[in-house]
Protein chains: 2
Amino acid sequence: MHKESFNRYSLLLDCTARRVKQYAQVQFNLGNYGVTVDQWAVLKNLNNTANISQKELAKLCGKDQPTLTRILDLLVKKGFVERTIHKNDRRSFIVQLSEEGRNKVSELEPNVREIRMKAWENLDENDFEDLQRILNTIYKNLELNNND
Amino acid sequence: MHKESFNRYSLLLDCTARRVKQYAQVQFNLGNYGVTVDQWAVLKNLNNTANISQKELAKLCGKDQPTLTRILDLLVKKGFVERTIHKNDRRSFIVQLSEEGRNKVSELEPNVREIRMKAWENLDENDFEDLQRILNTIYKNLELNNND
DNA sequence: TAGCAATAATTAGTGTGACAAATATATAAG
DNA sequence: CTTATATATTTGTCACACTAATTATTGCTA
């Protein structure tokens, strides 16, 4: 095992993830979906889990809070999302899809599924399981309070 | 196989890749390395392959040309890289490490190896092979002229 | 209840990524 | 030689990631 390999693996992971995202974005653009891939991820999570704070939503989406704030700004401007002030805690917002937002999700959902499938051709069940396991292991290896 | 899974896999891939990069960047910052992870990748490639055009370097690094231009601007400003005009083609530059750049690479190289290893703990040879194969398959699935 | 630490969200600043358009130079076709 | 086309690089614009700092609010504590 050459230590140098780990550098290569890291870069391969980086490039592949970017490619997957970019491919999806290109398809989104071709179909004039009107949202970016990251914005879609937020809409999708909001559709599954309603009435949630930005902090919780950020965690669900795997994004940090400043990033989520800006994505929500854009989604609100587009009319897909509404912020309402939390009754008991005026520091936080409750975020939810608007009527338009819900329509957008149902409209795009099947198309997005098709797009997403493309990346996973020529792979089988075992590959999916291995990949999940490996990526989860990597993720845990880098957990914050894991300093040795 | 639920079609919905592919969406999850895509997001897991995205999150994991970002985590790997972010972990490395935090370590770089703690050590005051004076470069970002992406800038390091460029320095490393330049160290391996000297006297190369920006276009070729971009390909090696897996970045597009505008992005590479901007990273090089920063590295030139920091004094690690020099651009010299190509003798036979004045459109292009030959890019190379400066003395300082070479020193930087030898200084950081062992530390970066250590940092990179962290992500790959608790995985074995088979996992590395599987991961490489799977990621390469995904990459190929999304190759540009592949409009099924 | 006054003061203070913790928390939710935002803002600011820098770097990166993708794409399109602009610039400068090279090469090919006539 | 001139025009057309191709290529290398740069610039501009928008979106996202991460950090640090700021604002508003909450809840604890003395």
Just N and O in the side chain of B:Arg18: are any of them under 4.0 Å from OP1 or OP2 of D:dC18?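 For B:Arg18, the contact criterion (side-chain N or O under 4.0 Å from OP1 or OP2 of D:dC18) is met.
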
By nearest heavy atom, map A:Ser53 and A:Asp14 onto DNA chain C; which one lands nearer the 5' end?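 Result: A:Ser53.
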
Both A:Asp89 and B:Gln39 contact DNA chain C. Which one's nearest nucleotide lies toward the 5' end?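 Here A:Asp89 is the residue nearer the 5' end.
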
Kindly point out which of [options] is positioned nearest to the side chain of [X]?
| X | options | value |
| --- | --- | --- |
| A:Phe93 | C:dT7, C:dT10, D:dT19 | C:dT10 |
| B:Lys21 | C:dT25, C:dA6, C:dG17 | C:dG17 |
| B:Gln65 | C:dT16, D:dA8, C:dT11 | D:dA8 |
| A:Thr69 | D:dT10, C:dA9, D:dT7 | C:dA9 |

What about B:Tyr33 and B:Trp40, are their ring centers closer than 6.0 Å?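 Aromatic pair excluded; centres sit 6.0 Å or further apart.
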
Atom-pair distance (CD on B:Glu56; P on D:dA8), nearest Å: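 B:Glu56 atom CD is separated from D:dA8 atom P by 9 Å.
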
Identify whether NZ of Lys or CZ of Arg in A:Arg19 sits under 6.0 Å from the centre of the six-membered ring of B:Tyr139 and within 45° of that ring's axis.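 Yes, A:Arg19 sits over the ring of B:Tyr139.
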
Against the six-membered ring of B:Phe93, is B:Arg83 placed for a cation-pi contact (under 6.0 Å from the centre, within 45° of the normal)?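 Flagged: B:Arg83 positioned over aromatic ring of B:Phe93.
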
What distance do B:Asp38 atom CG and A:Asp14 atom CG have between them, rounded to the nearest 0.5 Å?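 Atom-to-atom, B:Asp38:CG and A:Asp14:CG are 7.0 Å apart.
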
